[in-house]
Amino acid sequence: MAVLTVKDLVKDYKTGKVITKALRGIDLEIAQGEFLSIAGPSGSGKTTLLNIIGCLDTPTSGSVSLNGTNLDDLKKKERAELRKDSIGFVFQSFNLIPVLTAFENVEIPLILLGWSNQKRKETVENILIDVGLQEYIHRRPLAMSGGQQQRVAVARALVKEPKLILADEPTANLDSTTGKATLELMRELNEKHDSTFIFSTHDKMVMDFADRLILLKDGKVSSDTRKGKKE
Amino acid sequence: MLARLAWRNTFRHTRRTIITALAIAGGITFLILFDTLYGGMKNQSARVVLDYENSSLVLLPEDNIEDYRFNPLDDLIENPREAITVVEEHPAVASAAPRLRFNASLNVAGDELIAMGMGLDPELDPGVFRLDEEMEEGSFLQADGDLVVGSGLAQDLGVAAGDVVMVTTRTKRGVWDVRQYTITGIINSGSILVNNNAILVTLSDAQTFLETGDAASEVNILVPGNPKDLDRLEEISADISTVLDGSYDAYTWREMNAWYFDAFEAEESVAYLLAIIIIVIALVGIVNTMLLSIYERIRELGTMRAMGFSPSQIRWLLIAEGAIIGLFASVAGVGLGILVSWPLVEFGMDFTNFMKDFDINMPFDLHLFGRFSPGNIAITFLFSWIISILASLIPAHKATKIEPSQALRTV
Ligand SMILES: Nc1ncnc2c1ncn2[C@@H]1O[C@H](COP(=O)(O)OP(=O)(O)OP(=O)(O)O)[C@@H](O)[C@H]1O
Ligand SMILES: [Mg+2]
């Protein structure tokens with residue numbers, strides 16, 4: 001069953017009198033547990049698509065439904081709730097909160113969900129061990145390497161075990177070795193929790209890593225391939 | 001969690017936070033210094049009036065409050081002894097003393113200066129006033145024929161105790177009369193009015209000199225207790241006027257010096273103006289600093305929204321940050337204010353030399369002491385803190401309007 005269904009999604013940006021057609025009719029079906037990459041040249045609409053799927057932006061027309069809920073029907077507050085409950089984000093530039101330690105950064109989603117202190121402590125410590133950062137638990141982001149920061153960010157996105165993880169160019173600011181390690185980490189967690197991963201990239205290595213690759217061009221899906229075969 | 005985050009965010013740019021807080025603190029310091037000086041001045045002026053010039057209540061011939069300062073002899077209390085007996089029956093009254101004021105001039109070796117003559121009862125006057133404690137040279141009035149001269153006046157004339165002077169006055173009947181006195185004392189009190197103008201003689205001396213019989217121009221009444229409780233004084237004054245059947249009116253010290261204290265209180269608008277300036281500093285400072293900090297971390301705020309922080313959580317975060325800066329500013333401001341004002345309260349400031357050549361006949365003590373007003377300090381503290389919090393509402397509101405998708409695109 002599809003976790004995510006995107007139908008005829010259109011997004012226009014208006015800047016003054018100029019209209020940019022960022023998405024020109026996207027149709028997608030994504031199943032639970034998929035490990036999927038969206039690739040395409042700069043400006044092809046990857047970020048726009050992820051933002052709309054992640055309830056951070058609204059489409060001009062078309063629909064997105066997540067677990068059978070049509071995102072269009074949701075009010076602003078409900079969208080925030082949905083993000084809090086079911087979506088994890090990983091960003092190109094990590095976006096950790098610099099004044100908080102690794103532990104505290106990862107803890108935030110659980111605090112927002114109202115978890116108890118004890119339960120939070122255990123869960124956060126476990127996931128930081130899972131991502132291999134047991135020694136950096138009380139470090140602040142600026143005292144960590146990019147790869148370490150991105151692992152904290154991945155842990156932060158996954159700690160609440162959301163149904164959907166959206167990662168916009170998660171490896172773009174990492175060297176290829178660290179990038180690969182991050183992907184492997186995501187893959188591991190994907191298998192462990194059966195959560196759905198969608199990440200955008202324009203890195204060939206990353207595209208090859210995914211089970212399914214969707215190519216965007218000028219706001220349209222130009223190809224949709226599963227590992228090995230073309231659909 | 002929001003509190004912890006707010007606390008740490010405040011120290012992200014420690015220097016900026018400190019500068020903002022110090023700007024506000026500087027304003028608060030100034031306000032407290034001003035209030036301390038002003039409060040001290042007002043308090044001392046009241047003291048000067050009460051100790052040397054007018055007592056808590058002054059009994060004057062009916063409706064004579066306007067006239068008495070200039071033409072004290074026009075209208076007199078014919079039988080002050082009787083009035084005192086009646087007045088002292090009031091349970092709130094401790095003591096009373098008559099005074100006879102007159103206009104005079106003082107001549108020494110061809111120099112002439114205008115003086116304010118006062119006939120005092122050497123026995124009764126110290127029960128109400130403290131002039132007798134302020135002798136610089138010689139002694140206070142003891143017998144008829146003694147003359148005590150204010151220190152400023154004596155200096156201007158170049159006379160000292162033991163010197164001979166001529167006192168000229170116009171008697172009740174309108175006749176000019178001159179008498180020769182030997183100065184028996186020089187008085188240097190807290191009152192500029194007394195120091196620069198007064199010549200003191202005994203009441204009986206003045207009465208014969210001025211041909212007024214037993215009359216006095218005023219009866220000063222000492223009411224122990226808080227002299228600032230004017231409502232109480234006014235009640236007592238009304239009681240006394242009633243008992244005296246309306247032939248004399250009792251005025252409070254505040255009414256007697258309305259011209260001065262009214263002007264003084266009008267100056268309080270200066271304090272309001274200062275407060276407004278400080279509000280503006282606080283508002284601009286906090287709004288500016290916080291807007292800057294929002295724009296700097298717009299991506300972070302966008303990330304927080306993406307994670308599911310609600311707009312109102314973001315708002316509270318920023319209000320808390322404003323409250324922390326405001327608290328620092330208020331604590332620092334009050335601390336500095338007290339520190340800077342403390343020497344004024346403890347040691348005071350001496351204007352004697354500075355003001356020597358000015359002829360100010362105000363109840364103003366030249367050795368000025370500040371006076372802390374804990375109430376005003378507390379109000380200043382709370383006020384500046386609240387203003388800081390209110391100021392942070394503007395950037396906080398702005399932060400809730402951030403569109404996460406846009407914020408995340410910001411580099
Ligand atoms: N806020 C905006 N206002 C106007 N145009 C925008 C805005 N955001 C994106 N666009 C435009 O929409 C198009 C798609 O942008 P988008 O960021 O989705 O591309 P992308 O595939 O993520 O590119 P990149 O690989 O550079 O991140 C681009 O032409 C971009 O200029
Ligand atoms: Mg992009």
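FYI, side chains are in, hydrogens and waters are out, and symmetry mates aren't considered; it's all heavy atoms of this structure. Naming: A, B, ... by sequence-line order, numbering from 1 per chain.
- A:Lys77 does not touch chain B: none of its heavy atoms, backbone or side chain, sits under 4.5 Å away.
- Residue contact with chain B, scored on non-hydrogen atoms closer than 4.5 Å, involves the side chain of A:Arg156 exclusively.
- By the 4.0 Å N-to-carboxylate-O rule, A:Asp57 lies close enough to A:Lys11 to be salt-bridged with it.
- Residue B:Arg297: no heavy atom, backbone or side chain, is found under 4.5 Å from chain A.
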Self-check item: Verdict with supporting geometry, A:Tyr13 and A:Thr48, side chain to side chain donor-acceptor pair (under 3.5 Å)
Solution: CA-CA 10 Å; A:Tyr13 286 111; A:Thr48 305; 3.3 Å; yes
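- Contact annotation for A:Glu107: only side-chain heavy atoms (C-beta onward) come within less than 4.5 Å of a heavy atom of chain B.
- Of the atoms belonging to A:Pro162, not a single heavy atom falls under 4.5 Å from chain B.
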Practice problem: Assess whether side chain to side chain donor-acceptor pair (under 3.5 Å) is satisfied between A:Asn70 and A:Ser65, documenting all intermediate values. | Solution: CA-CA 4 Å; A:Asn70 190 344; A:Ser65 78; over 6 Å; no
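- Residue contact with chain B, scored on non-hydrogen atoms closer than 4.5 Å, involves the backbone and the side chain of A:Asn95 alike.
- Heavy-atom distances place both the backbone and the side chain of A:Leu100 under 4.5 Å from chain B.
- Screening A:Arg151, A:Arg139, A:Gln150 against A:Met144 for a side chain to side chain contact (heavy atoms under 4.5 Å, CB included) leaves a single residue, A:Arg139.
- Ion pairing of B:Glu296 with B:Arg16 is present here, as a side-chain N (NZ or NE/NH1/NH2) and a carboxylate O approach within less than 4.0 Å.
- The candidate with the highest count of non-hydrogen atom pairs below 4.5 Å against chain A, out of B:Gln313, B:Gln406, B:Glu403, B:Arg305, is B:Arg305.
- The residues A:Lys163 and A:Asp194 are annotated as not salt-bridged, no charged nitrogen and carboxylate oxygen being separated by less than 4.0 angstrom.
- In this structure, B:Phe369 has its ring center at least 6.0 angstrom away from the ring center of B:Phe347.
- Of the two parts of B:Phe11, neither the backbone nor the side chain holds a non-hydrogen atom closer than 4.5 Å to a non-hydrogen atom of chain A.
- Counting heavy-atom pairs under 4.5 Å between each of B:Ser310, B:Gly302, B:Gly308 and chain A puts B:Gly308 at the top.
- Ring orientation note: the planes of B:Phe34 and B:Tyr38 are close to parallel, at an angle under 30° on the 30°/60° scale.
- Heavy-atom pairs under 4.5 Å with chain B peak, among A:Lys76, A:Glu104, A:Arg79, at A:Glu104.
- Neither the backbone nor the side chain of A:Gln92 comes within contact range of chain B; no heavy atom of the residue lies under 4.5 Å from a heavy atom of that chain.
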